[in-house]
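Reviewing the structure listed below.
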Amino acid sequence: MPTVDQRECEHEVTIAAPAAVVYRMIAEVENWPRIFPPTIHVDQVTTGDREERIRIWATANGEPKSWVSRRTLDPDRSRIRFQQEVSAPPVAAMRGEWIIEPDRAGNSRVRLLHGYRAIDDDPKSLAWIDAAVDRNSRAELTALRGNIESAVAATESTFSFEDSVVVHGGADDVYDFVNEADRWVERLPHVASVRFEQTEQGVQTLEMDTKTKDGSTHRTMSYRVVFPGERIVYKQVTLPKLLALHTGVWTFTPTDGGVLASSRHTVVLNTDNIPSILGDTATTADARDYVRNALSTNSSATLELAKAYAEDRAGAPAVE
């Protein structure tokens, strides 16, 4: 029986897909930033035989949070139990379970259970957690259903690509150029304005106005998780109208002559908006080309300027 200061709740959704497919999407944490709106990034800390520890960065009531969870995977029964090992305030403890059950029509009933407490059993904190769990659970289940049921359409509308440069300079300098987004207005010609914040947990909030070729600007907002000197992963949460999702990662890999700096994008198109943006005759392929060109132009410009910055600091000669 739950105590007075502990909450128990359950959310559920029916998905028109086999239980095995739904289970796999939830079990493979690399899917989470794409299928769960609150999730920014997930790293596997340790893995074992049906046991793993994962670190999650996600928003709760619009605030970026990070915590470590332990999961027990049960593919035979299509269940995944989880327990937060290190919770983010105001959460004192959080546990739960995913239960995926097939029905006679070949659909899946997905149940998401939670049990949690607030630090010091504070009523206001508990109310905050109530709202966050309810909002995130509904968003996660709705997104999970939409993502799986539109899998066929997503084959054309989901794609990834990467731009890279070889820098004959220090990896730290290249990383710093990309990491210090608060200085992008002075460093990047295509950035008109920036609002930048960073939490103690290393989660950055980056809101910026970007100039387009026609002289107009559009505003985006992203959450970024930094791994100093190694990579910066991000999820865009305020999106251009042609995008339903945009995640990415900047990576900085040392090489014999310097560093390989790369920018990788994963995109899901908002196909409903293609006609209003590109015209009634535009196809999904046209939208893919348009989006790739726009994103690649900006990321390539950033990489080239980061290269110039690092090579100037290293005193490296220009190399074609």
Side-chain angles (χ1 to χ4, degrees), residues 41 159-198 202 204-240 242-243 245-267 269 286-320:
H41 181 65
F159 59 102
S160 299
F161 59 94
E162 183 171 285
D163 299 299
S164 300
V165 295
V166 175
V167 182
H168 299 278
D172 288 343
D173 290 330
V174 185
Y175 170 85
D176 287 345
F177 187 96
V178 179
N179 179 53
E180 296 168 353
D182 53 327
R183 300 186 63 182
W184 279 6
V185 171
E186 62 190 78
R187 289 176 167 176
L188 302 179
H190 63 273
V191 176
S193 66
V194 166
R195 183 179 68 82
F196 179 83
E197 298 176 359
Q198 181 164 317
Q204 300 175 345
T205 300
L206 174 60
E207 186 174 14
M208 64 182 180
D209 291 319
T210 303
K211 301 173 187 177
T212 60
K213 291 182 179 179
D214 63 7
S216 61
T217 62
H218 68 271
R219 178 165 296 179
T220 59
M221 190 176 92
S222 301
Y223 290 115
R224 309 202 309 176
V225 180
V226 298
F227 300 85
E230 177 189 344
R231 59 194 163 117
I232 300 171
V233 299
Y234 64 88
K235 182 174 185 178
Q236 207 171 65
V237 293
T238 301
L239 296 158
L242 265 180
L243 301 185
L245 177 134
H246 177 203
T247 63
V249 55
W250 301 89
T251 57
F252 312 92
T253 307
T255 64
D256 291 339
V259 58
L260 177 67
S262 300
S263 172
R264 182 171 178 79
H265 302 268
T266 295
V267 168
L269 297 174
D286 293 329
R288 285 169 59 103
D289 290 343
Y290 180 91
V291 167
R292 175 164 186 165
N293 179 65
L295 294 178
S296 185
T297 295
N298 287 345
S299 60
S300 293
T302 302
L303 289 170
E304 290 294 341
L305 288 166
K307 171 184 171 75
Y309 172 83
E311 291 182 347
D312 180 67
R313 288 178 66 86
V319 177
E320 293 295 326

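When a residue number appears, it is its place in the shown sequence, counting from 1.
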- Item | CA sep, side-chain torsions, deciding dist, call: Phe196, Arg183, side chain to side chain contact (heavy atoms under 4.5 Å, CB included) | CA-CA 9 Å; Phe196 179 83; Arg183 300 186 63 182; over 6 Å; no
- Item | Candidate pair Trp250 and Arg224, rule side chain to side chain contact (heavy atoms under 4.5 Å, CB included), full reasoning | CA-CA 10 Å; Trp250 301 89; Arg224 309 202 309 176; 4.3 Å; yes
- Task: Would you check, one step at a time, whether the test salt bridge (charged side-chain N to carboxylate O under 4.0 Å, His left out) holds for Arg195 with Glu197?
- Result: CA-CA 7 Å; Arg195 183 179 68 82; Glu197 298 176 359; 3.2 Å; yes
- Message: Please determine whether side-chain hydrogen bond (donor to acceptor under 3.5 Å, both in side chains) holds for the pair Asp163 and Ser263, giving the CA-CA distance in whole Å, both sets of side-chain angles, and the decisive distance to 0.1 Å.
- Response: CA-CA 5 Å; Asp163 299 299; Ser263 172; 5.4 Å; no
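At least one test fails for Arg264 against the ring of Phe161: distance under 6.0 Å to the centre or angle within 45° of the axis.
Across Val166 and Lys307, no two heavy atoms sit closer than the pair O-NZ, 2.7 Å. The two residues Val165 and Glu304 come nearest to each other via the heavy atoms CG1-OE2, 3.3 Å. Nearest heavy atom pair, residue Val267 against residue Leu243, reads CG1-CD2, 3.4 Å. Nearest approach of Ala314 to Gly169, heavy atoms of both residues: CB-CA, 3.9 Å. Heavy-atom minimum distance, Val167 versus Val174: CG1-CG2, 3.7 Å. Pairing each heavy atom of Val194 with each of Ala181, the nearest pair is CG1-O, 3.6 Å.
Scored by the salt bridge (charged side-chain N to carboxylate O under 4.0 Å, His left out) test, Arg231 finds Asp43 as partners (sequence neighbours excluded). With sequence neighbours excluded, the residues satisfying salt bridge (charged side-chain N to carboxylate O under 4.0 Å, His left out) with Asp209 are Arg219. For Leu188, the side-chain contact (heavy atoms from CB on, under 4.5 Å) partners at least two apart in sequence or on another chain are Phe177, Trp184, His190, Val191, Thr302, Leu305.
Residues His265 and Ser299 meet the side-chain proximity criterion, which asks for heavy atoms closer than 4.5 Å. Side-chain contact between Asn179 and Gln204 is present, with at least one heavy-atom pair separated by less than 4.5 Å.
Taking the six-membered ring wherever Trp is involved, the centroid distance between the rings of His246 and Tyr234 falls below 6.0 Å.
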